[in-house]
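The residues of the chain are indexed from 1 along the displayed sequence. Note that ligands are numbered from 1 as they come in the structure, with each ligand's atoms numbered from 1 the same way.
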Amino acid sequence: QAKRQGRNHYQFYSSEISERFHSSVTLRNELQHVLEQGALKLHYQPIIRCGDRKIIGCEALLRWERDDGSFVSPADFIPLAEDTGQIIPISAWVLQQACEDGLKLRELGDFSMAVNLSAVQFNRANFIEALTHTLNLTGFPAKNLHLELTESVLMEDSGRAIKLLESLRERKFSISIDDFGTGFSSLSYLKMLPIDTLKIDQTFIKDVLSGEHDAAITKTIIGMAQQLHLTVTAEGVETLEQAEFVEQAGCHFMQGFYFARPMPMNELIALVEQQKNL
Ligand code: C2E
Ligand code: MG
Ligand code: MG
Ligand code: MG
């Protein structure tokens, strides 16, 4: 009986894996042509200042629209693109597009633009040169560009990461740690990193009102950020109650579906213009 169950179990997994394998082979082939086909788009999610709740910036989030009109999540295709090396031209495109769009937003006032960096991109020898090149080309100011990195990327080779972050800081870029709290980075290590912002992972915000632990973790991260003179952003704010919780805890910025979903550039411009006229 046990043996049979074990076997069924195995078959269940094996067919699931083969399905995933096939769909990833298809995606992998399609991925080779996304850039030339213009199938990639950036959507922008507003970042809100706590207190007056004004939009002060946004995060660029990559979207891939397939021929059949379906969307592939970046969580699914970025790992593939990292495997194939396609992430390099894709990341270059993201950076340039985000800087160009960021300049349009800056015509309406001071505005920050956050972009997510892939480990593969960060680990390339010419990473800073490529970044500086795009900024020079577009004229977007480095201090308004917020580079989002996860703890795991920074921990891979912490010595190198610290050196890189220091030279990014010399060039005035802003650095954020994305999904903070999920990566087990040690506090003594955090102390050594020249960073500007912690983005509290959305899993903590999700249960901030129902889960005692998540409330405690959120408050602790905010308190620690304040002590270290870092700014702190709450990700994944979906309700008014969550927004009020993080504001009362002393958070600086927030982001989430309660305020706005990621949207095309023209919609964000309309939203920012509307806010200006209030
Ligand atoms: P992330 O950087 O942590 O981005 C936040 C994700 O949470 C986004 O998912 C966003 O749409 C979603 N989100 C925002 N507010 C809420 C909310 O209130 N509730 C919920 N449930 N979700 C919310 P998305 O766009 O699917 O992106 C997933 C991840 O893919 C990103 O996580 C980031 O790690 C990666 N990614 C996206 N764009 C890029 C890119 O251009 N380059 C690289 N390397 N990675 C990217
Ligand atoms: Mg991010
Ligand atoms: Mg995040
Ligand atoms: Mg994430």
Heavy-atom side-chain proximity of Ile177 to Thr197 below 4.5 angstrom: no

Heavy-atom proximity to atom 19 (N) of ligand 1, best of Gln121, Glu238, Glu59: Glu238

Stacked cation flag Arg160 on Phe122, 6.0 angstrom / 45 deg: yes

Name of the Glu148 atom (N/O/S only) found closest to the Mg ion (ligand 2): OE1

Metal site the Mg ion (ligand 2): N/O/S of Glu235 inside 2.8 Å: no

Atom indices of ligand 1, in the order listed, that fall short of 4.0 Å to a heavy atom of Gly236: 16 (C), 17 (C), 18 (O)

Identity of the N, O or S atom of Glu59 lying closest to the Mg ion (ligand 2): OE2

Proximal ligand 1 atoms for Ser118, defined as those under 4.0 Å from one of its heavy atoms: 44 (N)

Option set Arg63, Gln45, Gln97, criterion heavy-atom distance to atom 25 (O) of ligand 1, minimum: Arg63

Asp201 near the Mg ion (ligand 3) via N/O/S, less than 2.8 Å: no

Arg261, Glu235, Gln255: member with heavy atom nearest to atom 5 (C) of ligand 1: Glu235

Spacing of CD belonging to Glu156 relative to OG1 belonging to Thr150, to within rounding of 0.5 Å: 8.0 Å

Trp64 side chain near Glu30 side chain, heavy-atom distance below 4.5 Å: yes

Electrostatic pair Lys206:Glu238 at N-O distance under 4.0 angstrom: no

Nearest-0.5 Å distance, CG of residue Asp214 to CG of residue Asp207: 5.0 Å

Joint cluster assignment, Ile47 & Val237, ILVMFWY side-chain distance < 4.5 Å: no

Asp178: its N/O/S atom lying closest to the Mg ion (ligand 3) (atom name): OD1

N/O/S atom name from Asp179 that is nearest to the position of the Mg ion (ligand 3): OD1

Cation over ring face, Arg124 and Phe127, 6.0 Å, 45°: no

The Mg ion (ligand 2) contact by Ser176, N, O or S atom under 2.8 Å: no

Option whose closest heavy atom lies nearest to atom 2 (O) of ligand 1, chosen from Asn116, Thr182, Val153, Leu117: Asn116

N-O pairing of Lys199 and Glu59 below 4.0 Å: yes

Contacting atoms of ligand 1, where contact means under 4.0 angstrom from a heavy atom of Gly256: 15 (N), 18 (O)

Close side-chain approach of Glu151 and Phe180, heavy atoms under 4.5 Å: yes

Atoms of ligand 1, numbered as shown, that sit under 4.0 Å from any heavy atom of Val94: 41 (O)

